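Presented below is the structure to which this report refers.
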Amino acid sequence: MILLDKENKIFTLHTQNTTYQMKADQYNVLIHTYYGPRTDGDLSYLIRYADRACAPNPEEACLDRTYSLNTLPQEYSTCGVGDFRLPSLELELPCGSCSADLRYTGCELRRGKYALEGLPAFWGGDEWETLTVTLEDRAAQVSVEMYYGVLERYDLITRAVRVVNQGTETVRLRQCASLCLDFLRSDLDLITFNGCHLMERSPDRAPLRSGVQGVGSVRGTSSHQHNPFVVLCDRDANEDYGLCYGAALLYSGNFQAQAEASQYDSARLVMGINPYQFCWTLAPGEAFTAPEAALICSPSGLGQMSRQFHRAIREHLIQDPLAGKRRPVLINNWEATYFDFDAEKLVNFAKAAAPLGVELLVMDDGWFGKRDSDNSGLGDWVVNPKKLPGGLEALVPRIQALGMSFGIWIEPEMVSEDSDLYRSHPDWALRIPDRAPARGRNQLVLDFSRPEVCQHVYGQIKSVLSGAHISYVKWDMNRSLSDVWSAALPADRQGEVFHRYVLGVYQLLDRLRRDFPQILIEGCAGGGGRFDAGMLYYTPQIWCSDNTDAIDRLRIQYGTSFCYPVSTMGAHVSAVPSEANGRFTPIETRGTVAMSGTFGYEMDPNKTTPEEKEIIKQQVAFFKEHYNLIQQGDYYRLTSPFGSGPYTAWEQVSPDGREALVSLVTTSLQAAPPFRVLRLKGLDPQLTYQINGEGAWPGDALMNAGYPLPLFHGDYQSMQLYLSAV
Ligand code: GLA
């Protein structure tokens, strides 16, 4: 519920458990008064004023030395006019000044959720409310519309910003953040999610220290290295306790998330497009929209914060062509064949996989152009007739005849120099004049800031997808952007290329989604290099990591789960030893881990033993049977794979509390193991449960006293407990 007190210019956003408030003060500076557990009233009494040395005072308040932007909590921070903390907006004015100074001018409240042109955003109907607060920089003649979307049930507050040049001269945006959040305290921990290719999204938690700290990406993608999701929380917050603020940016390019602990123990979080090499020209009348940011505050721990994000993402961000239906269990040929496959091999895969219950065959990289290795072919999206004689028109019906559907891999943003596309359009690749471009995986990046490039690539892909019955597309992207310069833009607009590139990607994904509404799209970028809330708007699932080792995956999926739900995490069972690290794990354990993701296989089914086939059959059947619980259930992290404990455990509970699935994987082993119990969460204390069809276990006992764990024998054992209320 949004409350507008127009007279006192107080704007209060209530969600089920939280309250967010701002107030335009006597000088129309928009002050952030409060964000935390649900509270009523005017909270501006929290704002304190004092004459602090060296602090500038705005012109309106020049006789009042206690009034300074130097210390006041801002709703959207400015720069160059007295606030020295992290800026949100920086305008380069015709005179050369870089500054911004904003005053409140009006507000508007309506039912429903705002949308953003060309950008991903949470969506929904009348369960949402939208508040627009308008600020103005009079000297610059620039207005800033700030949008707030409130989804009460999930404690979700979304924010977006639109900057309009109302003047008669061109101005440039040097920075335009999506989110600014000021705190009247700095005794907080900052959690970020970091890693590299094969080891994405490990949580890193540290107390906020004086000064600026943060993460970001300058790679053109949200990146393997840092995720555009961060948490600020009480120092003693844990899964079940403490005030936690999660902030996700719906953006898949260069981002920045910075937190600053400043003087007088205040803090500020600013998140948005990375200002690195960003400069956007706004001619008179033009507008710029910054990507959406999503905030969830949980007064009761990190677990609740994650569950609220999961629900909101599943129900109000993802656009799932199979919504309400089960997504298919798939088999992908990549780790089993790499580039060495043909139609016969794929048909043999399907022949072996279909009887196991697998429903979708995904043909990965190597089916097009001249693509026998990763040195050539990207950009030529036409079937290689040597590998697939008769094309997809011949292959797909053969797969369908075996009872399976068919999916395909593409990497539309890339071009190999050894390709027909590059030979005919060398200027379509990003490169800086007179510099030899850096290659990554021996490929160049297409200039997706240019509509004609996107159009050409899309034309090819559309004709491939139209020629046969394709029900799934894996959209890959396998290198970071370097040599970012566009032949289509003048020198003074090169600062727009990174962002225009992302807009080009979004536009193409949107077209693909609209033209082929029945196709399930899985995002991918060298594994999990673009796993962000922006991509999830277009691709309901994203390949979590190229690392399919079950034990490393415990960490990757654990870190990912802080923001993103199980149903978004691409996860497969692959062969052992693991391609990523050489580890052997039992197939049961690999199944347990992959099942807390989208679930599928990435191995040659013809190379499995009869015993393994039987296990796979059971896994697939189990997954299908408990699909809703696994994919839509409330997710509890029971232990952390980053701790020193001997196992990692997690749990899904059905929203009505009548069913649960507990999964556990042992990660270290010793002889004479101690007797251990695992305390479960989220059950109904009044109910009694059967476990794996047996016994009568009271919910309160399982949560308070725990479940006695077996004495595991052997490396990397796993256990799944299916609980159902009797
Ligand atoms: C990336 C993906 C893999 C696979 C290869 C194909 O690395 O993450 O899953 O598709 O590309 O080249």
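Note that the structure is predicted; figures quoted are calculated from it, not measured. In listed order, ligands and their atoms are each counted from 1.
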With heavy atoms under 4.0 Å as the rule, classify the contact between Arg441 and ligand 1 as side chain, backbone, both or neither.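 It is the side chain that gets close, since no backbone atom is under 4.0 Å.
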Give the contacting part of Glu411 toward ligand 1: side chain, backbone, both or neither, where contact means a heavy-atom distance below 4.0 Å.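 None of Glu411 does.
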Lys370 and its salt bridge (Lys or Arg N to Asp or Glu O under 4.0 Å) partner, picked from Asp380, Asp418, Asp420: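 That would be Asp418.
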Nearest neighbour in protein (non-hydrogen) for [atom]:
{"atom": "atom 3 (C) of ligand 1", "answer": "Asp546 OD1, 3.4 Å"}
{"atom": "atom 10 (O) of ligand 1", "answer": "Asp364 OD1, 2.6 Å"}
{"atom": "atom 9 (O) of ligand 1", "answer": "Lys474 NZ, 2.8 Å"}

Polar-atom distance check: [X] versus ligand 1, any N or O pair below 3.5 Å?
{"X": "Glu602", "answer": "no"}
{"X": "Gly527", "answer": "yes"}
{"X": "Arg371", "answer": "no"}
{"X": "Asp365", "answer": "yes"}

On the six-membered ring of [Y], is [X] placed so that its NZ or CZ lies under 6.0 angstrom from the centre and within 45° of the ring axis?
{"X": "Arg583", "Y": "Tyr716", "result": "yes"}
{"X": "Lys387", "Y": "Trp367", "result": "no"}
{"X": "Arg637", "Y": "Phe562", "result": "yes"}

Can you sort out the partners of Asp365 under side chain to side chain donor-acceptor pair (under 3.5 Å), two or more places apart, ordered by chain and number?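 Asp365: side chain to side chain donor-acceptor pair (under 3.5 Å) contacts with Arg371.
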With a 4.5 Å heavy-atom cut-off, do Val218 and Phe498 have their side chains touching?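 Sidechains of Phe498 and Val218: no contact.
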Between Phe309 and Phe229, does the ring centre distance come in under 6.0 Å?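 So the answer is yes for these two rings.
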More than 12 heavy atoms of other residues, nucleotides or ligands under 6.0 Å from CD of Gln507: yes or no?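 No.
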Below 4.0 Å from ligand 1: does a non-hydrogen atom of Glu522 turn up there or not?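 The answer is no: ligand 1 sits nowhere under 4.0 Å from a heavy atom of Glu522.
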From atom 2 (C) of ligand 1, work out which of Asp476, Thr548, Asn478 has a heavy atom at the shortest distance.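 The residue whose heavy atom sits nearest atom 2 (C) of ligand 1 is Asp476.
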For Cys524, the ligand 1 atoms whose distance to one of its heavy atoms is below 4.0 Å: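 In order of number, 2 (C), 8 (O).
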